[in-house]
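Report on the following structure.
One-based numbering, in listed order, for ligands and for the atoms of each.
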Amino acid sequence: MKILLLNCQTSEGIKNILLKDELIEYIGSKQPAHDEMLDCSGLLVIPGMIDPHVHVRDMEMVHKETWETVSKAAIAGGVTTIIDMPNTKPATTNLHGLNAKREAAKKAKINYKFHLGATENNLQELEQILASDPTDVAGIKIFLAGSSSNEVITDENKLKEIFKLAKKYDKVVLVHTELQSCLDKWQQKIAEKSIQIHNILRNRECAIKGTELVLRIANEIGNKLYICHVSTKEEIKLIRVAKESNKNIYCEVTPHHLILDETILKQVGNFGKVNPPLRTKDDNNALLEAVIDGTIDCVGSDHAPHTIDEKIEDYSIAPSGFPGLETALPIIITEFDEREIPIKRLVELTSTKPAEIFSFENRGKITKGYFADLAVIDTENESPIISALFKSKAKYSPFDGSMVKAQINTVFINGRKYELNVE
Ligand code: DOR
Ligand code: ZN
């Protein structure tokens, strides 16, 4: 491979970055010897996004997405590494499911790991996998409620056993904290079922209660806990307090929970149906504050593709979730620019922290000796998000038409160059 020199704007100012084979060989103000120069002055270069929350599907759900299409979507969005969620068919709840996924993932063009799925009775199967010290397993995912073809855990003792297992093998427990018993209560309480009141039906109380529960158990067991897609200001408060005394607590925000609120559902209907639901402006503000003060560790896209035919079904039938890989970085970069939040903080949230939490060695920073996973981005020109042009099979988005000041120009994955918008 040629030795390539990039001259770009980084979060630390204008730098020369030398790429040799799959690694970053140099970053600084000198001009080391090179075969080729990529002049990206005026463009921003950041480490490629490491997205800890992606539902790839494939296998028995190739109609929704495959490892090929997800790779293209990730690259188009400046995402160079993903971690895949276990609620697939087959599910990643035992070695058979994991091996099927390993086979399917061979088609990937991006870096990846997998989260295992916990059920009420697969502790031994999880241990069988973890005991072999798999480097491709990042964490163990738990759903406290049904959301999209996933197993639910309701028994507190089972939760404790899983937390203990994760601690023994130093893996992170990731939790979708909406609590099923609470959701059931609200479903019964409210007769009307419509997307406009998704936020009432899947009530905030249920996410808050679940978050409270898992924080309590994690404090008792001492394992690493990662709370997925925090959506309410009350959860932020609970997590902020918990983090003061427990360094093993982490949490994630999605671009949609950070920026959108339930009022958009009037325009986008089920295309904005997601769990946990889009909440209120008040919640957006609390999440933004938590992004700024460091309470939130990572941005996860929760890329959750479904077909358009499925999404246009009635509210009660349409699945929750929408694609996020192609919008996450552009939306977050644009928001940070408007709020004057430094790019350095963005890089922590989208690359450095997820690399640390999920043990991606030598990734997540632009540093000598690290892998050359980079996103080169035009942050000068404004353009709309056009979901019809997505590389994902799911060509819709509640962000459709939003103006962003972040076009992904070029992406490097392990030193390999992908030019975007070049036919
Ligand atoms: O909206 C969602 N979609 N939330 C989840 O928890 C699962 C996801 C999916 O897999 O579609
Ligand atoms: Zn998810």
Side chains of [X] and [Y] in contact at under 4.5 Å (non-hydrogen atoms):
X      : Y      : value
Leu201 : Gln187 : yes
Thr177 : Glu235 : yes
Val175 : Ile227 : no

**Asked** How are the rings of His229 and His53 set relative to one another: parallel (under 30°), tilted (30 to 60°) or perpendicular (over 60°)?
**Response**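 If you compare the ring of His229 with that of His53, the planes turn out tilted.
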**Asked** For the residue pair His198 and Tyr315, does the interplanar ring angle fall in the parallel (under 30°), tilted (30 to 60°) or perpendicular (over 60°) class?
**Response**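 Geometry flag for Tyr315 against His198: perpendicular rings.
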**Prompt:** Between Lys405 and Glu338, is there a side-chain N and carboxylate O pair less than 4.0 Å apart?
**Reply:**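 Looking at Lys405 and Glu338, the cut-off is not met.
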What protein heavy atom sits nearest [atom], and how far away is it?
atom                    : answer
atom 3 (N) of ligand 1  : Ser320 O, 3.0 Å
atom 10 (O) of ligand 1 : Asn87 ND2, 2.9 Å
atom 9 (C) of ligand 1  : Ser148 CB, 3.3 Å
atom 5 (C) of ligand 1  : Ser147 OG, 2.9 Å

Could you list which atoms of ligand 1 come closer than 4.0 Å to a heavy atom of [X]?
X      : answer
Ala304 : 3 (N), 8 (C), 9 (C), 11 (O)
Val274 : 1 (O)
Phe143 : 6 (O)
His306 : 11 (O)

**Message:** Tell me the contacting part of Lys273 for ligand 1: side chain, backbone, both, or neither, using a 4.0 Å heavy-atom threshold, strictly below.
**Reply:**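 The answer is neither.
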**Item:** Under-4.0 Å heavy-atom contact with ligand 1, by part of Arg57 that carries it
**Value:**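 Answer for Arg57: side chain.
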**Asked** Would you call Phe322 a ligand 1 contact, heavy-atom distance under 4.0 Å?
**Response**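 False for this residue.
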**Prompt:** Minimum heavy-atom separation for Arg204 to Asp283, with atom names?
**Reply:**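 Looking at all heavy atoms of both residues, the closest pair is NH2-OD1, 2.7 Å.
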**Item:** For the Zn ion (ligand 2): the N/O/S atom of Asp302 at shortest distance
**Value:**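 So the atom name we want here is OD1.
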**Prompt:** Can the positive tip of Lys273 be found less than 6.0 Å from the middle of the six-membered ring of Phe322, inside 45° of the ring normal?
**Reply:**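 No, a cation-pi geometry is absent between Lys273 and Phe322.
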**Asked** Counting only heavy atoms not in Lys193, do more than 12 fall under 6.0 Å of its NZ?
**Response**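 Enclosed.
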**Prompt:** Is it true that atom NZ of Lys365 has more than 12 heavy atoms of other residues, nucleotides or ligands lying nearer than 6.0 Å?
**Reply:**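 For Lys365, atom NZ is not crowded (no more than 12 foreign heavy atoms under 6.0 Å).
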**Message:** Strictly under 2.8 Å, is the Zn ion (ligand 2) approached by any N, O or S atom of His229?
**Reply:**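 Within the cut-off used here (under 2.8 Å), His229 places no N, O or S atom near the Zn ion (ligand 2).
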**Prompt:** Less than 3.5 Å between some nitrogen or oxygen of Gly321 and one of ligand 1, yes or no?
**Reply:**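 For ligand 1, there is an N or O atom that lies under 3.5 Å from one belonging to Gly321.
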**Prompt:** With only distance considered, is His229 within less than 3.5 Å of ligand 1 through an N or O on each side?
**Reply:**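 The answer is no, given that His229 and ligand 1 share no N or O pair closer than 3.5 Å.
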**Asked** So, the side chain of Ser351 versus the backbone of Gly48: is there a donor-acceptor pair under 3.5 Å, distance only?
**Response**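 Indeed, once roles are kept as given, a pair shorter than 3.5 Å links the two residues.
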**Asked** Among Asp302, Asn150, Asn275, Thr88, whose heavy atom sits nearest atom 4 (N) of ligand 1?
**Response**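 Looking at heavy atoms only, the winner is Asn275.
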**Prompt:** What does the angle at the Zn ion (ligand 2) come to, between atom NE2 of His55 and atom NE2 of His53, rounded to 10°?
**Reply:**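 Here the angle at the metal atom is close to 110°, to 10°.
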